[in-house]
Amino acid sequence: MRLWKLHPWKTVLLGGTIALLGWLGWRYADQRKPTLLALNTTTGKLQWVQPLAPDIGYSKGPIVGDGKVFLGACVDDAVKGFSAYRLQAFDAQSGRFLWALQPQRTTIPYDLASNEAVSIQDGQLYLQLENELQAIDPATGKQRWAIPRRWFFAPVNVWYGIGLISRPNALVVLNSNGKERVLQTLDPKTGKVLKQIPRSLGKLTTTRNLITADDRTLFLETSGLVPADSPNTFLDSGISTITAYDIKTLQTRFRAITGNIVHLQAVGDALQLSTNLNYDPKTRKLSDGKILAVSAESGQLLWQKTKHQLQCPGSYFKQIDNDTVYLNCSGYPGTVSRNEQNSRVVVAVSAQTGDVKWQARISPNRYSDNLPAAVNAHQYLTFRNVLKSNVSQTQAIALDRQTGKLLWTFPLFDPEARYVDTWQSIVAAEGDRFFTLDVLPRWQLWLLQMNRHWYVKQAL
């Protein structure tokens, strides 16, 4: 039998071609794609993965409601940069793509993607663009109505809320009539103005656009100007005033004055608040931030605790439910070692009394400051950074809401955790699903899509 022989130069050429094709194939397989993940909140197991289009750029993260996951993100063009804004919807149970919306003539896609431009309330999706508020059908992505509304841009391109709150029979929004800022109630079905009043505190400016409501009352936070001699204007936005309005008539019910509010939420018969550091121009000192509760009927203070009283220095207000306020704190008081100072502790505080219910040390040796969180009926869901054998890893974790016990961990695939470990990132939970963004190489996506139960990355 005659053997097939190659000249040496042909052998070298063939070997080089195979090596080049293998290298190109690996480069393609190792390309990383932004991916939407769903975890089971009871077990921590991966439920589904939904790879996103390769042109998806920055995103705060997903929101969820009515059995659907909504994701707003920049469209990242290699030449034009962030050239557009895209809103997508997915089925929460299966991850199936439902629809996409890409508004035309959007000049600030990054600002939309990095702030709260989308909110789902009472079965309706609201989208805030540069000069327009749109009501979107969550099932189809079709526009139901739109009204002129310019929001944000004061003093910088960062806003802290979408500035609206929905109730079954009224949508309350902060708006402008061209001359002054106004408070409006709209028909949620049509966007028609039902009632409108000028903002009652003309000399004050809304600094964080914090707005919340219960069935009877609307609560709006406004704030005075920053003191001229304030040593740190980033930490101090003046003294906040909460104005309570009757939600039907928009008549003022009461006002309450407190510190520099960074979180405002109506829960039951109370308003739960968190304040930042405040500068006292008389003493020229910064006062400690607090968490507190005031009566939703009268504005009377129910309880307050400083972060040091809660043994929670360097805390970040994270989540609140009907029973508990959750704080992310740096280390335990009195810790001396560098590793202990870098640790993070979740502290659960009773929403009724302000007493500490439990503490859970989630990360023994790595900062986990700005990592987002969500709650469902039984779990507090968040993330932690851990370090073992000089390998850093970001993990999704679940804590029991009643005891703080660690239930499960799930390591993210992206070693940089670029969609989670960033300022103002968000995650979402509904029912038995926990939703987050991650970045995966193509080869991992292939394995997961073939059999997610066979290939699961292990935690440290």
Side-chain angles (χ1 to χ4, degrees), residues 33-39 46-77 80 82-147 149 151 162 164 166 171 173 186 188-191 374 419 425-440 445 448-449 452:
K33 298 187 65 175
T35 304
L36 187 61
L37 305 182
L39 305 179
L46 189 63
Q47 294 302 293
W48 50 258
V49 294
Q50 177 58 260
L52 304 175
D55 62 354
I56 290 296
Y58 178 80
S59 173
K60 278 173 66 74
I63 64 171
V64 66
D66 292 347
K68 300 172 185 63
V69 184
F70 305 95
L71 182 69
C74 294
V75 175
D76 193 359
D77 186 275
K80 298 179 181 179
F82 294 143
S83 59
Y85 174 81
R86 183 181 299 155
L87 178 62
Q88 299 178 86
F90 306 88
D91 181 79
Q93 286 299 308
S94 66
R96 179 173 58 89
F97 172 78
L98 300 177
W99 54 261
L101 174 65
Q102 190 163 310
Q104 301 299 313
R105 301 182 300 279
T106 300
T107 59
I108 54 166
Y110 178 79
D111 293 331
L112 295 177
S114 60
N115 288 285
E116 188 181 347
V118 182
S119 178
I120 183 165
Q121 302 183 36
D122 288 323
Q124 187 144 268
L125 189 67
Y126 298 99
L127 172 61
Q128 177 64 51
L129 302 176
E130 293 98 319
N131 297 295
E132 187 177 72
L133 175 66
Q134 297 182 359
I136 307 294
D137 183 348
T140 65
K142 302 296 184 182
Q143 179 179 302
R144 289 174 170 168
W145 53 259
I147 61 170
R149 183 182 189 242
W151 195 234
I162 199 169
L164 61 83
S166 177
L171 173 68
V173 302
L186 310 179
K189 296 180 180 179
T190 65
Y419 281 111
S425 59
I426 58 174
V427 290
E430 185 179 66
D432 63 350
R433 295 288 189 269
F434 179 41
F435 307 98
T436 185
L437 275 178
D438 203 354
V439 180
L440 280 72
L445 282 170
L448 287 168
Q449 289 172 325
R452 70 174 185 273

For the student: nearest non-hydrogen atoms of F90 and L98, plus distance: C-CD1, 3.6 Å
From I63 atom CD1 to L125 atom CG, the distance as rounded to the nearest 0.5 Å: 6.0 Å
Gap separating the OG1 atom of T35 from the CG atom of D438, nearest 0.5 angstrom: 7.0 Å
Expected output: side-chain S59 to main-chain G72 donor-acceptor under 3.5 Å: yes
Residue pair V64 / R433, side-chain heavy-atom distance below 4.5 Å: no
P62 and L36, any side-chain heavy atoms less than 4.5 Å apart: yes
Between CZ on residue F97 and CD on residue Q50, distance to nearest 0.5 Å: 8.5 Å
Heavy-atom side-chain contact between F70 and F435 under 4.5 Å: no
Minimum heavy-atom distance Y85-L112, with the two atoms named: CD1-CB, 3.7 Å
From CA spacing to verdict: side chain to side chain contact (heavy atoms under 4.5 Å, CB included), I136, Q143: CA-CA 5 Å; I136 307 294; Q143 179 179 302; 4.3 Å; yes
Contact summary for P138 and K68, nearest pair of heavy atoms: O-CD, 3.3 Å
Spacing of W145 atom CH2 and L186 atom CG [to the nearest 0.5 Å]: 5.5 Å
Taking every non-hydrogen atom, the tightest pair across K60 and A113: CG-O, 3.2 Å
Cationic N near anionic O, under 4.0 Å, D137 to R144: yes
Minimum-distance pair of heavy atoms, taken over all atoms of I56 and R86: CD1-NH1, 3.7 Å
F434 vs L37 side-chain heavy atoms within contact, under 4.5 Å: no
D111 CG to Y58 OH distance, which is reported to the nearest 0.5 Å: 11.0 Å
Rounded distance [0.5 Å steps], OG in S425 versus OH in Y419: 12.0 Å
Closest contact, heavy atoms only, W48 versus D91: CZ2-O, 3.8 Å
Pair Y126, Q128: side-chain N/O donor-acceptor within cut-off below 3.5 Å: no
Single hit among L46, V427, D432 for side-chain contact (heavy atoms from CB on, under 4.5 Å) with L39: L46
Any donor-acceptor N/O pair, Q93 side chain to G67 backbone, under 3.5 Å: no
